[in-house]
Amino acid sequence: MPKVDDETASLRTELGNIAKTIKENAEKFRDSTDLGGGGAKPGKASTKKLLKGHINKVTCCHFSGDSRHVVSGSLDGKLIVWDCWTGNKMQIIPLRSAWVMTAVFAESGNFVACGGMDNMLTLYDLNNRDSNGIAKMVREISGYEGFLSSARFLDDKSVVTGSGDMKVMQYETETGKKLLDLQGHNGDVAALSLKPSDNNIFVTGSVDRTARLWDLRAPGCIQTLWGHEADVNSVSFHSSSVMFVTCSEDKTVRLWDIRSDQEVTQYKAPTPNSSFTSVGVSQSGRIIFGSSDDSTVHMWDVAGSHLGAMAGHDNRITQLTVAPAGFALATSSWDQTLRVWGL
C-alpha cells in the first residue's frame, strides 16, 4: 500500500473525531435502549411447501399482495410464478438474460418485474399471454449504467429501482419514461424497501455501509443512517413505519429508528461466522427475521433475544419475503428450491 501522507492522515483523524462527536450527540437524544422483555416464544415455524422447479441457484423471491403467489428468479434463466397454497407453478417465464438479481410482484398481482447483470428492468403482464401461454413482455427499460439489484412497484403505473450505478430511479411502467433520478449513495445500491403507510417514502441499503431514506416528493436523500462496518445487503421497513431493519456483511442485523436518527439495537446469530443476506419483519412487528449463508433463517424478538432458527435449506439462502397477510414466509436458496414457512 502507498504511504499515507501527513495531510491525508490528518483528515482521517479529523473525520474520525467528527464521527465520534455525532455519535455522542445522538446518544444524548436516545431515551432508552431497553425495548422491554422478550415476548412469548412463537410456535415452531415449519416448511409448509417445498417448491421445486428451478435447475440452478434461485437468487430472489417476492410475495404478491394476495399473500398466495410468489415470483422467483434463478440463474437457470427463468422466472416462475408459484401458487404457495398448492405448490403448483402458475407461469414459467423465460428470460433473455440468466443473470437475474431481483424479481418482484406488483401488489395487484398483475405485473412482475426483474433485472440483474443485464443492466435492464424488464416488465411482464401476467394477465396478457402470447400464443405459447407465456406472459407478454410489457417493456424493457435500459437506462442503467450498472446492474439492477432491487426494484419495487409503487403501483401498476410506476416502479422504483436501485442499481449498481449508485442511483435510485423511478420509471413509468407504461411508457418507460424516467420520472426521477436520485443520487446520494457512494456505492452500489443493494436493497430497497417501501414504507408501509406511504409508498412515496422508502429506504435503501448500499455497499457504502449506509442506509438512506428517500421521499419521492423531495429532491435527494432526506436521511442517512450509518453504523454498519461492511456492505448493507438488505433492508426492510418495520410495520410501525417509523423503524426499519438492515443486515450486513459485518454479521449483524440492526434496528433503526427514523425519529431519533440512530440505531436502536443489534441482533447477532449464536453461530459467530453467520453472515446475513436478507431481512424481514413479522406483520406484528415483534419478530425480526434474518436469512443467512449458514442455510437457516434466524429469528429474534424485537427486544433482542434470539428465538431460534428455521432450518431446511441445503445451501445459502439468498432472499426472504414475508407474506403481506403475515401468516407465511418464503425463502429462496442456492439449493435450487424455495420454501414456504408457516408462521
Side-chain angles (χ1 to χ4, degrees), residues 59-65 71-73 79 93 95-97 99-108 110-125 137-196 198-208 210-222 231-237 244 246 278-279 318-319 321 332:
T59 57
C60 48
C61 61
H62 188 240
F63 261 110
S64 171
V71 63
S72 62
L79 289 187
I93 305 171
L95 305 175
R96 294 189 182 183
S97 169
W99 300 101
V100 60
M101 297 176 68
T102 184
V104 294
F105 248 117
E107 186 178 2
S108 65
N110 295 326
F111 298 93
V112 293
C114 68
M117 300 299 286
D118 58 354
N119 296 9
M120 287 196 299
L121 176 69
T122 309
L123 305 168
Y124 295 92
D125 184 349
M137 182 192 299
V138 176
R139 187 159 301 281
E140 283 184 327
I141 298 172
S142 56
Y144 300 95
E145 297 173 13
F147 60 84
L148 187 73
S149 62
S150 51
R152 287 291 183 271
F153 282 93
L154 302 178
D155 50 39
D156 283 355
K157 296 181 179 179
S158 70
V159 61
V160 63
T161 64
S163 47
D165 52 13
M166 303 186 287
K167 294 180 180 179
V168 175
M169 292 186 271
Q170 182 188 8
Y171 286 95
E172 194 174 73
T173 56
E174 189 174 341
T175 63
K177 178 184 176 183
K178 186 191 292 185
L179 302 177
L180 280 174
D181 187 333
L182 303 171
Q183 301 182 43
H185 277 296
N186 299 313
D188 304 343
V189 180
L192 186 153
S193 178
L194 301 177
K195 185 176 181 179
D198 184 357
N199 280 356
N200 286 303
I201 297 174
F202 57 93
V203 63
T204 55
S206 167
V207 301
D208 66 9
T210 67
R212 297 178 189 244
L213 197 69
W214 311 79
D215 189 330
L216 295 174
R217 298 159 295 193
C221 169
I222 59 172
D231 301 0
V232 178
N233 290 331
S234 178
V235 294
S236 179
F237 250 105
F244 64 88
T246 59
S278 185
V279 287
T318 52
Q319 195 163 32
T321 174
S332 57

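Sequence positions, counted from 1, serve as the residue numbers for this chain. Just so it is clear, the model here is predicted, and its values are computed rather than measured.
- Applying the side-chain hydrogen bond (donor to acceptor under 3.5 Å, both in side chains) rule to N200 yields the partners D198; only residues at least two apart in sequence or on another chain are considered.
- S64 pairs by the side chain to side chain contact (heavy atoms under 4.5 Å, CB included) definition with D66, H69, F105, not counting sequence neighbours.
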Which donor-acceptor pairs under 3.5 Å do side chains of residues 144-153 form with protein atoms, sequence neighbours excluded?
residue: Y144; atom: OH; partner: T161; partner atom: OG1; Å: 2.8
residue: S149; atom: OG; partner: G162; partner atom: O; Å: 3.1
residue: S149; atom: OG; partner: V189; partner atom: O; Å: 2.3

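- Counting heavy atoms from C-beta on, the side chains of L123 and F111 never come closer than 4.5 Å.
- Looking at every heavy atom in both residues, F237 comes nearest to P196 through CB-CD, 3.7 Å.
- Residue pairs meeting the salt bridge (charged side-chain N to carboxylate O under 4.0 Å, His left out) criterion with at least one member in residues 157-176, sequence neighbours excluded: K167-D181.
- Every side chain to side chain contact (heavy atoms under 4.5 Å, CB included) that C114 has, sequence neighbours left out, goes to L79, L95, V100, A103, T122, Y124.
- Using a 4.5 Å heavy-atom cutoff, the side chains of Q183 and M166 are not in contact.
- With sequence neighbours excluded, the residues satisfying side chain to side chain contact (heavy atoms under 4.5 Å, CB included) with D208 are H185, N186, S206, T210, R212.
- Residues satisfying the salt bridge (charged side-chain N to carboxylate O under 4.0 Å, His left out) test with D118, not counting sequence neighbours, are none.
- Qualifying side-chain hydrogen bond (donor to acceptor under 3.5 Å, both in side chains) partners for E140, counting only residues two or more places apart in sequence or in other chains: R96.
- Using a 4.5 Å cut-off on side-chain heavy atoms (C-beta onward), L192 and T102 make no contact.
- Scored by the side-chain hydrogen bond (donor to acceptor under 3.5 Å, both in side chains) test, N199 finds no partners at all (sequence neighbours excluded).
- By the side chain to side chain contact (heavy atoms under 4.5 Å, CB included) test, Q170 pairs with L154, S158, L179, L180, L216, sequence neighbours left out.
- The side-chain hydrogen bond (donor to acceptor under 3.5 Å, both in side chains) search around T246 returns H228, W256, not counting sequence neighbours.
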